Every structure is written in structure tokens, then in C-alpha cells.
Amino acid sequence: MTGMGSGRDQTPRAEVGILIYPGCQQGAVFGLSDLFWIANEHAARYGAEPVRVSFWEAQGDGQVVRTRDSHPECGDAVPAVLIAPPRLDHPADAEQTAPYARWLLDRHAAGSVLASVCAGAFLVAATGLLAGRPATTHWYFEEAFRARFPDVKLDINRLVIDDGDIITAGGITAWMELGLRIVDRLLGPSVMMETARFMLVDPAGREQQHYSSFSPRLTHGDEAILRVQHWLQAKGAVHVNVRDMAAEAHMEERTFLRRFRAATGLKPLEYSQHLRVGKARELLEFTVRPIDQVAWSSGYEDAAAFRKIFHKIVGLTPGDYRKRFGVRTAA
């Protein structure tokens with residue numbers, strides 16, 4: 001695999017798996033591999049552990065297994081991220097996606113973030129996990145995607161949609177944007193910026209993405225807490241309380257509070273606030289809605305409380321955040 005020697009002397013901090021399926025774009029597959037290799041080189045300068053990169057392919061018996069691996073000595077583990085790359089001609093049909101959908105669904109249930117580029121979104125959508133949630137794909141496939149997955153909130157105007165546990169990228173070459181987003185999550189903004197500069201990609205646009213996403217801890221191994229995290233993500237953490245979360249986990253509240261913090265590093269309320277503020281960031285970046293309406297859409301009935309919490313988490317007021325990162329000029 002191109003560039004898979006970087007960081008071999010250190011135990012990787014996380015694994016990124018790339019799904020190889022019939023017709024997928026090899027340029028994106030090897031481009032992503034090279035991108036993570038470059039990122040690992042820059043991470044090494046900071047003394048940081050590298051990212052493990054693996055290829056996954058279906059075998060004759062239907063099992064999907066690692067076929068190439070930058071760190072085979074690390075054995076079996078749940079990848080932090082699994083990427084479905086684009087396809088060169090047309091999206092995989094229902095029959096072609098079926099063998100991979102169940103596998104992706106199981107990996108997601110175990111804590112993997114699912115990601116896609118272009119037509120790869122059809123594989124992720126086939127799991128059913130995108131129902132009622134935002135996603136993007138190539139504009140050319142809009143009609144086909146809407147016909148097959150009418151319950152997905154498709155937005156082809158967005159290049160990357162980061163919805164926490166699922167990330168979708170639109171254009172056929174958007175693997176660079178997706179890869180940098182993942183580098184930002186796993187290796188931090190400094191390594192992401194260095195990687196972008198090395199690849200001659202304008203890092204300013206990626207700096208904006210860094211501030212717009214909350215990266216929840218999903219590979220902690222506590223299945224009950226992971227189920228609650230996915231449930232919160234789907235609901236946008238709106239109109240839920242600790243009692244509701246504990247009920248979803250089938251736990252007594254005190255036990256739930258202890259296990260949730262141990263698994264995620266945050267109290268349930270703090271975690272919910274991060275999810276809501278993440279939604280608010282997205283609205284501030286990509287819409288011209290008044291800030292009070294952004295607060296309400298993010299689950300805050302008290303706009304003053306929203307402003308206080310937003311500033312605490314982001315370090316900027318909502319207005320300053322929009323001025324700095326908004327892609328449109330508010331009216």
C-alpha cells in the first residue's frame with residue numbers, strides 16, 4: 001500500500017479502514033492512504049502516535065476482512081472510522097450494497113464512525129442509519145439517491161456534512177476534504193493544517209471545519225452507552241434529560257451517570273450541550289437565520305442561556321462566530 005510505512009515504530013492511536021468494493025475509485029483509495037501517511041509524518045514531529053490505515057474487502061464466503069494493513073501487528077480492533085470511497089461510473093445498486101450494509105451497520109454499532117465520498121453514500125444509506133438525518137453525495141446522483149432513500153435529508157449543496165457518527169462528502173474528489181476532517185479528529189488541528197499545506201490545499205477552509213465539529217468518543221466498548229450516543233445524535237439531543245437517557249440505556253440513573261462519564265469523558269448534560277452547539281455552529285455557518293432562531297432550532301428556548309453556553313464551549317459569541325466562519329453574509 002502506498003506510503004504505509006510511516007509511524008511503524010509507534011502503536012497507532014486509532015484505525016481508519018477503507019472499504020474496497022467492486023467499481024470503487026482506486027485514485028481515492030490510494031489518495032486517502034497517501035493523505036494519512038503524510039499526516040502521520042507530521043504527527044511524528046509532534047511526538048504523536050500515528051493513524052493505522054487498513055483496506056477491507058469482501059471474501060468469497062461473504063466475510064469482509066482486512067486485506068492490507070499499515071500495522072498488522074496490532075491485531076483485530078474496531079476501526080475508529082470506516083470510509084466508503086466513490087465509484088467511477090454509477091452508484092452500487094441495492095443488490096450490490098446488501099453484502100456491505102449489514103457489515104457497516106455492525107461496525108457502527110461497535111463504535112465506528114461511518115464516512116463516505118460521492119457515490120459511497122449509497123452504501124452508508126443502505127444501512128438505514130441515515131434515515132431522518134442530513135447527508136450529501138455527488139450532485140449528479142441526486143435523483144437516484146432521493147428515489148432510493150427518500151427519508152434522508154439530502155443536501156447536495158454541501159461538500160462535507162459531519163453529523164458526528166456519520167460523515168458524508170459530496171464530490172468525487174472530496175476525499176481530500178473528508179480525509180482532512182478525519183485527520184483533524186484523530187490527530188488534531190495542527191497536523192491537519194500541516195497536511196493541508198503539504199498537499200497544496202488551502203488550509204483556511206479546513207480551519208473553519210475544525211471549529212464546527214464535536215468529535216464524540218465512540219470506541220469505548222460500552223454498548224449501552226454507545227446506543228444512547230447514537231440515539232442522542234439522531235434526536236439532536238433536543239428535549240431529552242438524564243431520565244430519558246437512562247431509560248434508553250435500561251439503567252438506573254446513578255449507574256447511567258457513572259458509566260456515561262467513564263465512557264465519553266463528559267457528563268450527559270455536557271455531552272448534549274456539545275451536540276446542540278455543534279448544530280448551532282452549522283446553522284451559523286451555512287444559514288442567515290437570526291441568532292434567536294438558531295438557538296431555538298438547536299434546542300434552546302432561552303436565547304440568553306444559549307449565548308452563554310455557546311461562548312463557554314466555542315470561545316466566541318454566536319455573532320462573532322458567524323462573522324468569522326459564516327459562508328454567507330447575514331442580512
Side-chain angles (χ1 to χ4, degrees), residues 1-20 28-57 63-85 103-104 106-117 120 162 164-167 169 175-199 206 209-210 213-223 225-226 229 262-265:
M1 183 182 295
T2 307
M4 292 199 85
S6 182
R8 286 298 302 272
D9 295 334
Q10 288 183 290
T11 301
R13 65 170 58 196
E15 177 181 355
V16 176
I18 303 172
L19 180 61
I20 312 297
V29 170
F30 288 103
L32 282 164
S33 176
D34 287 344
L35 184 149
F36 292 119
W37 182 85
I38 293 167
N40 282 340
E41 288 291 300
H42 289 293
R45 297 180 185 178
Y46 294 95
E49 301 89 348
V51 168
R52 177 184 184 182
V53 181
S54 55
F55 288 175
W56 295 75
E57 298 182 66
Q63 282 194 309
V64 181
V65 300
R66 287 183 187 85
T67 54
R68 303 189 74 177
D69 192 348
S70 64
H71 293 76
E73 71 279 1
C74 292
D76 197 19
V78 178
V81 183
L82 282 167
I83 303 172
W103 181 78
L104 287 170
D106 289 342
R107 300 290 80 72
H108 178 266
S112 294
V113 170
L114 301 186
S116 67
V117 183
D162 186 339
D165 57 331
I166 300 178
I167 312 172
W175 58 264
M176 278 193 282
E177 280 74 17
L178 176 68
L180 289 170
R181 176 64 65 94
I182 294 168
V183 169
D184 192 1
R185 279 196 180 203
L186 301 180
L187 296 173
S190 296
V191 173
M192 181 273 289
M193 296 284 281
E194 295 283 353
T195 303
R197 291 192 183 100
F198 185 88
M199 296 181 70
R206 278 75 196 180
Q209 293 175 356
H210 164 64
S213 61
F214 165 54
S215 303
R217 188 188 301 171
L218 299 170
T219 55
H220 45 69
D222 191 325
E223 293 183 5
I225 298 302
L226 181 62
Q229 289 176 270
T264 68

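Note that this is a predicted model, so its numbers are computed, not measured. Each residue takes its place number in the sequence, starting with 1.
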Looking only at non-hydrogen atoms, find the nearest pair between L226 and G111 and report the distance.
-> CD2-N, 3.4 Å
Any side-chain heavy atom of D69 sitting closer than 4.5 Å to one from S54?
-> yes
Looking at side-chain heavy atoms only, is the closest gap between Q229 and D165 below 4.5 Å?
-> no
Value rounded to 0.5 Å, distance of CD in E15 from CG in D76 | 8.0 Å
CD1 of I166 to NE2 of H108: how many Å apart, nearest 0.5 Å?
-> 4.5 Å
Sidechain-backbone polar pair: S116 side chain, A84 backbone, donor-acceptor under 3.5 Å | no
Beyond-backbone contact of P12 with E49, side-chain heavy atoms, under 4.5 angstrom = no
Heavy-atom distance under 4.5 Å between the side chains of V113 and T219, does that happen here?
-> no
Closest contact, heavy atoms only, A77 versus R52 | CB-NH1, 4.3 Å
Quick one: are E177 and V117 in side-chain contact, heavy atoms under 4.5 Å?
-> no
To the nearest 0.5 Å, atom CE of M192 lies from atom OG1 of T195 at 8.5 Å
From CD1 (I167) to CG (D162), nearest 0.5 Å = 4.5 Å
L218 CG to I225 CD1 distance, which is reported to the nearest 0.5 Å | 12.0 Å
Heavy-atom closest pair (L187 atom, A39 atom, distance to 0.1 Å) is CD1-CB, 3.8 Å
side-chain contact (heavy atoms from CB on, under 4.5 Å), paired with W56, selected from I20, L82, I83, I18 | L82
Would you name the heavy atoms of P50 and H71 that are closest together and state the gap between them?
-> CG-NE2, 4.0 Å
What are the two closest non-hydrogen atoms of G179 and F36, and how far apart are they?
-> O-CE2, 3.9 Å
Please name the pair of heavy atoms, one in A43 and one in V191, separated by the smallest distance, quoted to 0.1 Å.
-> CA-CG2, 3.9 Å
Anything under 30° is parallel, anything over 60° is perpendicular, the rest tilted; go ahead and classify H42 against F198.
-> perpendicular
Nearest-0.5 Å distance that lies between atom CZ in F55 and atom CZ in F30 | 5.0 Å
Kindly indicate, with the supporting measurements, whether the criterion side chain to side chain contact (heavy atoms under 4.5 Å, CB included) is fulfilled by V64 and L19.
-> CA-CA 9 Å; V64 181; L19 180 61; 4.1 Å; yes
Flag side-chain contact, heavy atom, 4.5 Å: I38 against V183 | no
State whether the side chain of R13 and the backbone N or O of L186 hold a donor-acceptor pair below 3.5 Å, judged by distance alone.
-> yes
